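Taking it in order: structure first as C-alpha cells, then the write-up.
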Amino acid sequence: MADTTSNVVGARFVDPKVLARIGSLELLARTVVDGFINGLHKAPYLGVSVNFAEHRGYMPGDDIRFIDWRVFARTDRFYVKQFEADTNANFSVIFDISRSMSFGSKGISKLDYGRYLAACLTYFCTKQRDRVGLVTFDEDIVTRVPPSAKHLDVILHELDRIEAGRPGSLAGPLFKATEFFKRRGVIVVISDFYHEPSQVLDALKPLRYAGNDVIVFHVLDPAEVDFPYDAASSFEDLETGRKIPVVPEKLREQYRQLVQEHITALTQQCSENRIDYALFNTATPLDHALFKFLAMRHKMTKSR
Amino acid sequence: MSFLSPLFFLGLVTLAVPVIIHMIQRERKEVIEFPSLMFIRKVPFRSFRRQRIRNWFLLILRCLAVALLLAAFARPFFRVPALAAIAGGAREVVVLLDRSYSMGYGDRWDRAKSAALAAIDDLGPEDVATTIVFDSGAAAGPRSTTDRVSLSAFLRDAELGSGTTRYGPALKLAEGVFESSDLPRLEAVLVSDFQRSGVESATGVRFPAGTILTPIPIADSQTENVSVVGVLFDREYFSGRERVSVTARLTNRGDDAVASLPVTLEIDGRELERLTADVPARGSATVTFSPVTMDDRPVAGAVRTREDNLATDDVFYFVASPGQVVNVLVVGNERDATEDALYVSRALAIGTSPAFAVETVGLDALSVESMTGRHVVVLNDTRPPMGPEAAALEQFVREGGGLLVVSGERSAWAAGGPDLLPGVVGSPVDRTGRGGSLGFVDYSHPVFELFSAPRSGDVRSARFFRYRPLEPVDSAVVLARFDDGNPALVERRIGEGRVLFWASTLDNFWNDLALKPVYLPFLHRVVEHLAEYAPPTPWFSAGQVLDLSEQRGLLAGAGLTEADLIAISPSGEQVPVSQGARSGFLTVAEQGFYEIRDARGGATFSLAVNVDLSESDLTTVDPDELAASLTGRLAAQPTEGGAAGVGREFSPTDLERRQDAWWYLLVGAFGLFVAETVVSNRLSRTVVQVD
C-alpha cells in the first residue's frame, strides 16, 4: 500500500490506487467534494474574510467572474483568483491511538487503517484548500497539529510516527480537544469506541455543541466483528492486561450480537445527535470505505 | 471396610493426571491479545458455568469409574464378626493318624486307632471331618464329610507302615483342607508318638489363624529298643571258592544294657548260626558270623535278634551277591609282554570288589577266541592288531567291551589299523628337566571322581618325561591334559563300548605314576569304567523308588535283561513293573524281600528292603512345641465333646474370598463406563447440533 520510493514524508499514506479509484469517479467526486466542502461552508462560514490567496490556471467550467483580468492583460493568459474565503474551512482529525487500536488480525492494524483514512481525508481537504489539523489521543492528548492550509506535511509526518502505546480514554481527551477548536469546522473522530454508546456520545457532544460538524469513523477489525476463534484460549485485554479464559465457540453468537447491538446503538444515537457515523471494517478496501462515506455524506448534504 | 491389596489405590494418583494435564494445558494455552474484553465480559456468566458443570460431570463420572475399578483390584472386604454366627459354629475337623513303623511299638498302634476313632465319634451333627494317615507320605481318606461310617472304616482299615515319621506332608494336606473350608471352627487332631525325627519336615507349615490343634500322644514314657542297623561283608577266596563273612551291627537305644542278646544269621530262610551279644545302654555292638561259602548266585540273608517291643527293626535283610570278576586281557609286545605289563598286572591283582582276572598275551597271540569273555582289553605299548584280529577288536568294542590303549615306544598306530583311537597320535614328546605333570583333570568323570575330595590322592604329583601327543577327533572327550595342553587321557565311545587312550606308559619308563599311591586306584577306576562295573546293592530302604535299569548286574545275573518283570512284595502283593525292565521303576514300601520275576515264569531274583533306622530313635518332642509352630499357640487339651471351640479368626484373604465384593465393584465400574459413553455421546451430539 505504501509507496516506499516516495521522498515525500508520509506519502505512503496517500495510496495512488486509492486516489486513482476515487479520481475515476471525478464527476461524482467533484460534486461530492464540492458539495461536501461547500455544504460545510454554507451555513456557518458566510461573510468570512475574502483575502486573496493565490492564482491558478483557468480551467473550463471555472466561473469567469473570478478571472483576474489584470493578470490576463499582463500575461495574456487566464488565471483565476483564489480567495482564502472560499477554502479556509477547518478540517481536523481526532485520532485515537490507544493501545487497542494496534490490534490487527489480518496484516493491517486499526491504527494503520486509521492512519490511511486520516491521510486520505487530510489530503483531500488540503486539495480543497481547507485548513487541516490533527489531534491524537489515548488517555490524554498526545499530539496536536493546529489546523492550517500548510500543515499537510506536518500532519503526514505526525501520522507516520505515531504509535499505539497507552490505554485509551474518550471523554477526557475529547473535552480537552474541544478547547483547541476555536473556529467551527469539520471534525473527524477515528476510534474503535470501546466505550458504552452513551459515554461515546457524552464525549462527542461537546464537539458537536461547539458548532463543529462531527464525523465518527468507527474502525474495527474483522476479528472484532466476527470473532472467528476456535480453540479455548486465554484472551488478554490489550489495554488493561486482564486475562479471561474463553471457549470461543460457546461465546461467539452472543459476542456478535453484543457487537451488533453496540454498533446499532452508536448509529442510532449519533444520528439523533446529528453526528455522522460510519463503520469501517479494516478488511474493507480503503477506497470503498471513503467512497461509501462521501456518497453518504453527499446524500445527507443534499437533504439539508 | 478393609482392603486386601490397598497398594492398588496408588493408582488413584493416575486420576489426577488428566486433570493436571488439563490445567497445565490451560495455563500453557496461547494467549490471544484482544483489543477489549468489553463484550466478552458482558456475555452472561451462567453460560460458562453451565458448560463447566457439564464437563465436570463427565470428569467425575470417569474418575468414579476408574476409582471403582481400582477399588475392585484392591479387593475390599468387611470385617463382619457375625459371619461366624451365620455358619452356625460347625467344625472342620481333620484327624491325622501316624502309621510309621515306630507306632508298632507295643500296643501303640491299637491305642492310636482307638484315639482316632474316638475323635470321629466326638463329631457334632454338623461337623465335617477328614481322615489322614501318614508315615513318610500322607494319604487322605474321605474328605470333609459328615459320613462317620466311612471315616471310621478308613481308620479301621489303616495298616501299620514301614516308613518313617514325617509330619510335613500330612500337615500340608490338612492345611489345604482348612484353607478350602468355609466353616468357622477349624480343628486338627493329631494322633502320633511325636518322634523328634519327624518334626523337621513340618517346618514352614502354618495352619490358618484360629485353628486348634489337639495332639493325642501315644508315646510311652519308658522305651527300650535294640535294632540291627546294618551288615558288612568281608569277602575272601579259599580254595577257589568265595567266602563271605557277615558282620552285623547292633544298637541299643534304651536306658538299660542288654546282655546275652541272641543274634542269628539266616541264609535263604535257614538259620545258619546263632550268637549272643552284650549291648551297652545307648551303645552299639557288632557280631561277626562264620564265613559262608558262596556259589555263583546271590543269596538272600537276614540277621535277626530277639524281638522286643518294636519288632520291625529287629531284623535286617540283605542280598549277598557273589563277588564280581572283571576279566582283563593285557596285550603286550611279542617278546616282553609279561615284563612290560608288570605294573598293570600287579596293580589289578589287588582287589576283591571287583576282583580282576588278568591274562597277559603278546600281540601275536591275540585272537578272536582270546577276547571272548573279556570285559577289557589293554593294548600295552604295542602296535595295533591287523587283519581279522583288528576287526575282532573293533567288534569287541562295538558290542560293549572296553579298550585301553597305552602309549609307549612301540605303540605307533600305523595306517590300516582299526579305527578305534580317539584321535591322531603323533611322535613322542620329551619333557626335559623335572618333566611335565597333569594340568587339567576332569574330576567330574568317574575315573577321577575318587580324587576330587581333599586328601584323596593327588594325581598331579606324577612327573611325565615323555608322551605321545594326540589330536582328538570331535567325538572324543579329553579327561586330562598335561601342563602343556597335550591330552593325557582321552575317551571315545564306539558303539556300546568305550576306548580310553593314555598318552604315556603305565610303567615307570616314561613317567613315575606307577610309583605313586594314586596309581592303583587310578588303574582300578580306569578298568572299572571300561568294564562298566557297578557294584550290586545288597539292600534298599523302604520308601525308595528303584530304577531297575540301574540294577543291570542283578538282572543280568538272573537272566532277566530283556524280560517283562513282575515284583512280588513281602506281603505277597504283585506289583507290575512297566513294560521292559530297563524302563521299569519300582517303589519298595514294605520291609522284607521283593521277588522280581519274569512275567512268563522262570528266573527270579530278590531285593532286600529294610526300614529306615532313623525311626528306631523313639525320642519324642513336646506336642506343644509342634502345636505352637503350627498354630502360633499352645495345643488344646482333649475334651469330652471334642476340642475346645473358639470362634475362628478368618484371615483377610478368607474374608475377601468369601465376600467377593470386588465383583460388584467391577460391575459398577463397567456400568459407569457405559453411562459415561452414553452421556459423552449425547453431549457431543448436542454440541454438533448447536454449532
Side-chain angles (χ1 to χ4, degrees), chain A residues 96 98-105 109-111 164 167-168 170 191-197 199-200 219-225 227-263 282, chain B residues 14-66 675-691:
Chain A
D96 178 5
S98 65
R99 189 164 168 73
S100 64
M101 289 293 286
S102 66
F103 179 74
S105 64
S109 68
K110 293 189 287 182
L111 191 72
L170 202 60
S191 174
D192 51 7
F193 294 113
Y194 273 109
H195 300 275
E196 292 299 324
Q199 294 174 347
V200 174
V219 181
L220 287 177
D221 190 273
E224 291 176 276
V225 180
F227 207 64
Y229 304 100
D230 291 324
S233 311
S234 201
F235 278 63
E236 181 180 0
D237 193 317
L238 273 174
E239 296 197 350
T240 63
R242 183 181 172 187
K243 291 180 186 172
I244 291 183
V246 171
V247 183
E249 59 179 348
K250 301 297 170 193
L251 185 74
R252 189 177 297 127
E253 288 306 315
Q254 287 167 301
Y255 177 87
R256 285 176 181 170
Q257 193 179 345
L258 284 169
V259 170
Q260 287 305 322
E261 285 173 3
H262 182 71
I263 293 168
T282 58
Chain B
T14 57
L15 289 181
V17 172
V19 179
I20 290 170
I21 288 175
H22 177 66
M23 291 172 70
I24 290 172
Q25 280 194 340
R26 269 174 60 173
E27 287 301 316
R28 287 181 179 172
K29 275 265 167 60
E30 183 188 0
V31 174
I32 295 178
E33 292 186 331
F34 206 66
S36 173
L37 302 179
M38 186 176 119
F39 299 115
I40 293 173
R41 286 209 310 271
K42 280 183 179 177
V43 173
F45 182 61
R46 65 175 182 275
S47 63
F48 288 101
R49 194 170 177 79
R50 192 161 54 232
Q51 180 66 30
R52 282 185 176 177
I53 285 172
R54 199 156 49 189
N55 284 336
W56 276 110
F57 173 67
L58 262 186
L59 183 65
I60 289 170
L61 207 60
R62 288 164 182 162
C63 290
L64 199 60
V66 175
E676 187 271 337
T677 307
V678 172
V679 171
S680 59
N681 276 342
R682 286 198 174 177
L683 277 177
S684 59
R685 205 176 299 140
T686 311
V687 169
V688 169
Q689 283 171 359
V690 166
D691 288 347

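Below, each value reflects all heavy atoms present in this structure, side chains not excepted, and no hydrogens, waters or symmetry copies. Chain letters run A, B, ... following the sequence lines, proteins first and then strands; every chain starts at 1. What you see is a predicted model; the values in this text were computed from it and never measured.
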#### Entry: Closest non-hydrogen atom pair between A/Val259 and B/Phe39, with its separation
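That closest heavy-atom pairing would be CG2-CD1, 3.7 Å.
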### Query
For A/Arg242 and B/Leu37, which heavy atoms make the closest approach, and how far apart are they?
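So the two residues come closest at O-CD1, 3.4 Å.
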### Task
Rounded to the nearest 0.5 Å, what's the gap from CD on B/Glu33 to NZ on A/Lys243? Could you check?
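Separation between the atoms: 9.5 Å.
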Quick check: do [X] and [Y] have side-chain heavy atoms less than 4.5 Å from each other?
X        : Y        : result
A/His195 : B/Met38  : no
A/Lys110 : B/Pro35  : yes
B/Ser36  : A/Leu238 : no

### Task
Could you look at A/Arg252 and say if it's the side chain, the backbone, both or neither that has a heavy atom under 4.5 Å from chain B?
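Answer is neither: A/Arg252 stays 4.5 Å or more from chain B.
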### Task
Step through it carefully: locate the ring centre of B/Phe34, locate the ring centre of A/Tyr194, and say whether they are under 6.0 Å apart.
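Ring centroids of B/Phe34 and A/Tyr194 are no less than 6.0 Å from each other.
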